[in-house]
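Notes to accompany the following structure.
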Protein chains: 2
Amino acid sequence: MKTIQETAETFGVSTRTLRYYEEIGLLTPVRSSGNQRMYSKQDETRLKLIFRGKKYGFSLEEIREMVLLFDEDRTGKKQLERTIEYGEARVQEIEASIQEFQALKEEMEHLLTGFKQKLKEEQ
Amino acid sequence: MKTIQETAETFGVSTRTLRYYEEIGLLTPVRSSGNQRMYSKQDETRLKLIFRGKKYGFSLEEIREMVLLFDEDRTGKKQLERTIEYGEARVQEIEASIQEFQALKEEMEHLLTGFKQKLKEEQ
DNA sequence: ATTGTAATTAACGTTAACGTCAATGGTAAA
DNA sequence: TTTACCATTGACGTTAACGTTAATTACAAT
């Protein structure tokens with residue numbers, strides 16, 4: 001169990017950010033006897049997910065939806081089916097993203113080859 | 001040459017957005033005789049870049065830096081070298097992103113396999 | 001027990017990225 | 001040329017994602 005300060009340092013964010021994430025229901029650390037937030041290993045895993053989502057342009061609201069969906073009690077068959085469906089759709093999106101990145105990379109490499117050629121010719 | 005309305009529709013954004021991009025120096029469409037913005041093919045190419053950047057979480061400021069760098073006069077050898085260096089660094093970043101996405105995808109697929117197994121066992 | 005540092009809530013402040021509105025001017029069709 | 005719509009420039013409004021400050025409480029060390 002880490003304190004809020006330690007957790008903030010681990011992820012390189014402010015304590016305000018962690019409190020804000022709790023405000024909007026992204027995670028709920030337990031409280032100590034003196035009402036202070038204690039962050040578990042699970043909370044850290046959740047935070048990793050959140051920051052990865054952020055890095056790729058998802059809004060906190062979108063991240064919240066994903067996180068909460070994977071957190072609902074998945075006891076019922078219906079719930080399980082919905083989760084699988086949702087998950088597969090997300091995987092599809094990720095595949096599309098990878099394709100786009102690959103295309104972007106090739107485009108840039110093409111540009112760079114041109115520049116290098118130009119540099120050679122100039123000397 | 002397209003009007004602002006046509007261009008906005010092409011990209012599915014508001015005209016305000018296009019004017020804002022001009023405000024912050026992201027692109028500078030030429031003006032008609034009556035001072036109205038006219039968007040060229042080049043402007044459209046630039047906009048494609050902008051929206052792709054946005055999709056992957058870059059701020060408009062970051063996008064501006066990239067766009068402007070690739071726009072400076074690349075006549076000098078020094079300029080060309082700088083551009084190549086910058087471009088290669090970006091390609092490295094893109095490769096890292098692809099790796100991360102791949103890992104995320106595998107992680108999700110692993111989760112989904114688990115869920116599917118659970119679903120099978122439940123019936 | 002005191003002193004210094006860290007945490008709490010509540011509230012207001014800030015910035016990026018637009019939205020909206022008003023007053024005015026341009027343009028195309030009848 | 002009038003009608004109707006589209007565009008232009010301010011200027012103020014809005015929302016997400018925090019920052020900052022203040023008043024109060026908890027904890028750790030002396």
Side-chain angles (χ1 to χ4, degrees), chain A residues 1-69 71, chain B residues 1-69 71:
Chain A
M1 288 295 203
K2 282 187 183 172
T3 149
I4 193 171
Q5 185 59 40
E6 288 165 347
T7 311
E9 274 162 19
T10 303
F11 289 98
V13 298
S14 71
T15 57
R16 174 67 177 100
T17 298
L18 296 181
R19 293 200 192 94
Y20 177 67
Y21 288 175
E22 191 178 345
E23 260 184 66
I24 63 175
L26 265 180
L27 77 170
T28 326
V30 297
R31 299 302 184 107
S32 73
S33 54
N35 196 34
Q36 293 185 207
R37 291 168 177 83
M38 303 300 291
Y39 291 83
S40 69
K41 194 73 199 150
Q42 275 196 30
D43 292 321
E44 283 198 45
T45 306
R46 167 85 51 108
L47 282 169
K48 269 183 210 165
L49 243 163
I50 292 172
F51 292 119
R52 184 155 52 191
K54 286 210 58 179
K55 187 171 174 188
Y56 292 110
F58 293 102
S59 74
L60 290 180
E61 179 53 33
E62 288 168 325
I63 295 171
R64 206 175 71 96
E65 274 176 35
M66 287 164 48
V67 166
L68 294 188
L69 185 61
D71 239 37
Chain B
M1 289 295 203
K2 282 187 185 175
T3 150
I4 193 172
Q5 185 58 41
E6 286 165 350
T7 311
E9 275 164 18
T10 302
F11 290 97
V13 300
S14 71
T15 58
R16 175 67 178 99
T17 299
L18 296 182
R19 293 199 193 94
Y20 178 66
Y21 288 174
E22 192 177 343
E23 259 183 68
I24 63 176
L26 264 180
L27 78 170
T28 327
V30 297
R31 298 305 182 105
S32 71
S33 53
N35 196 34
Q36 292 186 208
R37 292 168 177 83
M38 302 301 293
Y39 292 83
S40 69
K41 194 72 200 154
Q42 276 196 30
D43 292 321
E44 283 197 46
T45 306
R46 166 87 49 109
L47 282 169
K48 269 184 209 165
L49 243 162
I50 294 172
F51 292 119
R52 184 156 51 193
K54 287 210 56 178
K55 186 169 175 188
Y56 292 109
F58 293 101
S59 75
L60 289 180
E61 179 54 30
E62 288 168 324
I63 294 170
R64 206 175 71 94
E65 273 175 36
M66 289 166 46
V67 166
L68 293 189
L69 185 63
D71 240 37

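Below, chains carry the letters A, B, ... as their sequence lines are ordered, and counting in each starts from 1.
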Notebook entry, point to check: Looking at A:K54, does any N or O in its side chain come under 4.0 Å of the phosphate oxygens OP1/OP2 on D:dC18?
Noted result: yes
Checklist line | Which residue lies more 5' along DNA chain C, comparing B:S33 with B:L60 via nearest heavy atoms | finding: B:L60
Checklist line | A:E23 vs A:N35, nearer the 5' end of DNA chain C by closest nucleotide | finding: A:N35
Next item on the list: Identify the two heavy atoms, one from A:L18 and one from A:A8, that lie closest to each other, and give their separation to 0.1 Å.
Entry: CD1-N, 3.6 Å
Checklist line | Atom of A:T15, atom of A:Q5 and distance for their closest heavy-atom approach | finding: CG2-OE1, 3.5 Å
Rounding to a whole Å, what distance do you find between [X]:[atom1] and [N]:[atom2]?
{"X": "B:E22", "N": "D:dA7", "atom1": "CD", "atom2": "P", "result": "14 Å"}
{"X": "A:R31", "N": "C:dA7", "atom1": "CZ", "atom2": "P", "result": "12 Å"}
{"X": "B:Q36", "N": "C:dT24", "atom1": "CD", "atom2": "P", "result": "18 Å"}
{"X": "B:L26", "N": "C:dA17", "atom1": "CG", "atom2": "C1'", "result": "11 Å"}
{"X": "A:M38", "N": "D:dC27", "atom1": "CE", "atom2": "C1'", "result": "12 Å"}
{"X": "A:I50", "N": "D:dA17", "atom1": "CD1", "atom2": "P", "result": "12 Å"}
{"X": "A:E6", "N": "D:dA28", "atom1": "CD", "atom2": "P", "result": "11 Å"}
{"X": "B:L18", "N": "C:dT20", "atom1": "CG", "atom2": "P", "result": "15 Å"}

Next item on the list: Using only heavy-atom distances, decide whether a donor-acceptor pair under 3.5 angstrom links the side-chain of A:R16 to the base of D:dT20.
Entry: yes
Please tell me which of the listed nucleotides, [options], lies nearest to the side chain of [X]?
{"X": "A:Y20", "options": "C:dA7, D:dA16, C:dA16", "value": "D:dA16"}
{"X": "A:Q5", "options": "D:dT9, C:dT9, C:dA6", "value": "C:dA6"}
{"X": "B:Y21", "options": "D:dA7, C:dC18, C:dA7", "value": "C:dC18"}
{"X": "A:R19", "options": "C:dA7, C:dC18, C:dG26", "value": "C:dA7"}
{"X": "B:T17", "options": "D:dC6, C:dT8, C:dC18", "value": "C:dC18"}

Next item on the list: Indicate, with a heavy-atom threshold strictly under 4.0 Å, whether B:S14 touches base, sugar-phosphate, or nothing.
Entry: sugar-phosphate
Notebook entry, point to check: Within the structure shown, what part of the strands sits under 4.0 Å from A:R37 by heavy-atom distance: base, sugar-phosphate, or nothing?
Noted result: sugar-phosphate
Next item on the list: Mind running side chain to side chain contact (heavy atoms under 4.5 Å, CB included) on A:L60 and A:K54 for me, showing each step along the way?
Entry: CA-CA 7 Å; A:L60 290 180; A:K54 286 210 58 179; 3.9 Å; yes
Next item on the list: Return the 5'-most residue of the pair A:I24, B:T3 with respect to DNA chain D, ranking by each residue's nearest nucleotide.
Entry: B:T3
Checklist line | Worked verdict on A:R37 versus A:R31 for side chain to side chain contact (heavy atoms under 4.5 Å, CB included) | finding: CA-CA 5 Å; A:R37 291 168 177 83; A:R31 299 302 184 107; 3.2 Å; yes
Notebook entry, point to check: Is it true that the side chains of B:S14 and B:T17 contain a donor and an acceptor less than 3.5 Å apart?
Noted result: yes
